[in-house]
Amino acid sequence: MGGADGRIDKSVTFRQVTRRCSLIMAGFIGINRTRAAMRGGWLSVAIALGAICGCHQDGQAPLARPAFSDPAATTANWNAPALEANMAEVAPVTVPTLPPSSAPPVWWPLSLDQAVGIAIEHSDVVRVLDGSEVRSAYASSYDPAIADQNTREALAAFDTSFAAGMYWNRINPPPNAIVEPGLANPGRYDAGGLTAGFTKSWLTGAQTRIAYNPPTGYLYFPNGSSSFNPTQSANVELSVRQPLLRGAGAEYNRAPITIAQIRTNQSAWDFKQATMDFVRSVEQAYWELNAAQIALRGVEEQLPLIEEVVRIEEASLTAKRAIPADVAKARVQMHAFRKRRLGMLATIAEKENQLRRLLGIDPNQGGRIVPVTEPCRAPFVINAQATLARAVDHRPDLLRQRLGVRIRELELVMARNSLLPQLDAQALYRMNGVSDQLGDALSMMAANQYGDWQFGATFSMPLGRNAGQANVRAAELQREKDYALLQQNVQGVAYQLANIIQLVESLHAQYTEAESQARQCQEWLRGARVRYQIPMPGGEGGNWLLQALDDYLFAMRATAEATAESGELLARYNTQLVLLEEAMGTLLEETGVHLSDDPTQKIRVGFLPPEFRAQELHRVRGQDGGQGAVPAVDAGVAGHAGQ
């Protein structure tokens with residue numbers, strides 16, 4: 001089972017395990033079936049053993065048990081052609097290179113703008129941060145282009161179509177047979193023809209057709225004829241059919257194309273939402289890495305101090321001014337700080353990998369990431385009502401749902417049109433020609449001396465309109481349902497923004513307190529160090545030194561914890577600001593990210609019915625005292641100081 005290089009042949013091991021498990025499972029199945037049928041324990045064991053040995057029941061094929069006497073031969077011969085064929089069809093992949101574990105660190109100063117730019121550059125597939133994992137999002141840059149093909153497919157309904165056909169017949173009826181009317185000689189004859197035509201549908205519902213369509217283009221009687229022999233006929237038909245009720249009108253016939261365009265725009269909004277999630281994930285990972293490095297710096301600043309304490313305690317033990325327990329206490333704290341540092345290094349490595357995965361680069365590219373962009377520390381003055389108004393007009397999910405409401409409106413138009421009777425006006429004009437030569441027949445047809453025309457109308461309708469009325473009612477209910485869902489989602493956005501705004505204010509207040517706490521801890525640490533290194537007069541006793549040591553160690557722990565907490569709150573505050581921009585739907589604009597050929601910039605959102613729009617403005621943008629709708633606000637957040 002071992003190769004020349006000492007590696008284990010895993011294919012044989014897996015195959016043997018699979019074969020044995022399948023044999024055992026076959027035995028268990030035999031046991032269960034027999035127990036259910038015979039309720040006999042020994043008989044069940046016998047059937048199980050029989051299944052393992054290759055026995056079978058109920059006409060099933062016996063379980064094959066190939067011999068694996070030569071593992072090497074088995075590996076070489078086991079389904080080799082099929083395996084090679086399947087592997088030849090597998091798409092190739094690019095495997096990233098991993099950094100060597102013993103490589104010296106190379107520092108990579110990275111700003112937030114650079115991180116977002118690198119991520120966007122490698123964003124064919126959108127990636128988002130889901131907890132501690134980075135996963136591929138539901139949308140990619142290919143989706144809008146794929147959805148755009150549906151619009152082209154809908155436009156194909158108005159493409160001109162061409163159809164042509166050719167036939168050749170030899171008819172030899174028996175004597176006294178009934179032949180076609182107008183044929184004087186019922187004997188054998190030959191017939192042939194060529195048809196070709198163009199058909200075009202129009203936005204009004206009309207359909208026009210121009211076709212070369214002689215009923216019989218060529219007719220020949222071998223036994224002669226009293227007329228032309230052969231007979232060559234030609235004609236051109238011009239016809240039009242215009243629906244007057246059902247299927248008529250530009251609004252009805254444009255509806256499928258508009259629906260396809262709206263679905264394309266919905267896909268663009270989905271991609272824009274995914275891109276916002278992507279940018280938010282990059283910024284969140286960036287600030288989390290920044291917080292982890294701040295916490296690491298807080299611990300590393302205390303390590304020299306705790307190591308100095310250990311040296312002092314060891315010297316005091318040598319001078320018999322301390323006991324071994326005092327040295328052990330200092331060493332315990334030193335090991336705790338070192339252990340915390342190692343844990344923080346692992347956390348930083350994890351955060352770096354998350355950020356690299358979001359950036360779409362190899363694990364060894366660039367070096368150790370060092371965030372250089374200063375986080376925002378200034379408080380934000382947030383106008384909650386203006387923020388909500390901006391979210392209503394910019395959030396991709398709300399705008400996507402508005403487009404869905406528009407689709408329901410168009411579907412209702414189409415359903416109402418299906419209730420109308422079918423009344424179509426038809427017109428046809430035909431130019432004819434006939435001769436014993438095809439050229440003469442065509443010339444006669446082109447001279448338009450012998451023309452036919454036809455004009456009329458057709459009418460049809462079901463006597464019971466249950467199906468049409470059911471479709472209309474279902475479309476109305478679906479539209480009302482989508483209206484209700486849209487209103488509920490707007491209300492949900494209002495609560496979401498309220499929670500985010502409250503959390504932004506709370507996090508800034510907590511950060512302010514944590515920053516003050518960290519400054520006080522630094523002051524406490526400096527005083528505790530002075531008291532420990534330079535005891536006050538009259539404080540030469542062991543109890544005083546022990547109290548100074550405890551106070552010094554406690555100050556170091558408190559300083560490290562306060563620094564880490566301050567950095568974490570600052571990162572959460574900046575992340576929450578990003579979430580606020582995402583909740584308003586303006587994150588890409590605020591970040592400076594612009595999608596190429598973005599169709600969402602061309603969408604106007606004022607297409608909702610007037611009654612719904614009025615309700616929405618009244619409820620979303622607040623009470624205006626009867627003075628008209630509240631004007632749109634360009635910025636819902638002010639005070640970007642510190643950015």
Side-chain angles (χ1 to χ4, degrees), residues 100-107 288-352 367-371 510-571:
S101 57
S102 59
V106 177
W107 303 109
E288 288 181 356
L289 176 59
N290 183 75
Q293 293 186 352
I294 290 176
L296 176 64
R297 287 197 297 268
V299 172
E300 288 181 339
E301 289 174 357
Q302 310 307 318
L303 272 175
L305 302 181
I306 190 63
E307 291 172 354
E308 180 188 25
V309 170
V310 171
R311 289 193 299 270
I312 292 175
E313 291 300 321
E314 289 175 348
S316 299
L317 178 63
T318 303
K320 300 189 181 302
R321 298 181 56 189
I323 61 176
D326 298 335
V327 179
K329 179 189 296 185
R331 289 175 177 172
V332 165
Q333 296 301 320
M334 181 183 66
H335 292 310
F337 272 95
R338 289 178 177 176
K339 183 176 66 174
R340 182 182 299 180
R341 177 181 178 274
L342 293 174
M344 290 179 175
L345 288 174
T347 301
I348 289 176
E350 180 183 1
K351 299 299 182 183
E352 280 191 17
R368 299 291 298 275
I369 300 177
V370 180
Q510 294 179 56
Y511 164 71
T512 303
E513 295 296 331
E515 190 70 11
S516 300
Q517 181 183 2
R519 289 195 298 268
Q520 296 302 319
C521 285
Q522 290 287 348
E523 184 66 26
W524 176 18
L525 180 62
R526 285 191 291 269
R529 184 181 183 185
V530 170
R531 283 196 299 266
Y532 176 73
Q533 293 179 341
I534 307 175
M536 297 178 61
E540 299 294 337
N543 292 336
W544 173 254
L545 292 177
L546 184 59
Q547 292 177 5
L549 173 61
D550 290 340
D551 185 64
Y552 192 21
L553 296 176
F554 191 23
M556 282 189 285
R557 290 196 303 270
T559 302
E561 292 173 357
T563 302
E565 184 180 11
S566 175
E568 179 185 359
L569 288 172
L570 183 60

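Between Y552 and Y532, the ring planes lie tilted relative to each other; the angle falls in the 30° to 60° range.
Taking CD of Q302 as the reference point, atom CG of L553 lies at 11.0 Å (rounded to 0.5 Å). With values rounded to the nearest 0.5 angstrom, T563 atom OG1 is found 6.5 Å from E301 atom CD. Here the CD-CZ distance, from Q333 to F554, works out to 10.5 Å after rounding to the nearest 0.5 Å. Note that the CD1 atom of I348 and the CD atom of E288 stand 12.5 Å from one another [nearest 0.5 Å].
A salt bridge is absent between R297 and E300; no separation between the charged side-chain nitrogens and carboxylate oxygens falls under 4.0 Å. Here R331 does not pair with E313 in a salt bridge; the nearest charged N to carboxylate O distance is not below 4.0 Å.
A cation-pi contact, defined as under 6.0 Å to the ring centre and within 45° of the axis, links R340 to F337.
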Under the criterion salt bridge (charged side-chain N to carboxylate O under 4.0 Å, His left out), I'd like the reasoning laid out for E523 against R526: C-alpha separation, chi angles, the key distance, then a yes or no. CA-CA 5 Å; E523 184 66 26; R526 285 191 291 269; 2.6 Å; yes

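Of all heavy-atom pairs spanning T347 and A292, the tightest one is CG2-CB, 4.4 Å. When all heavy atoms of A558 and C521 are compared, the pair lying nearest together is O-SG, 3.8 Å. Minimum interatomic distance between P371 and I369 (heavy atoms only, all atoms of both residues): CD-O, 3.8 Å.
Side chain of S566 to backbone of A514: no donor-acceptor contact under 3.5 angstrom is found.
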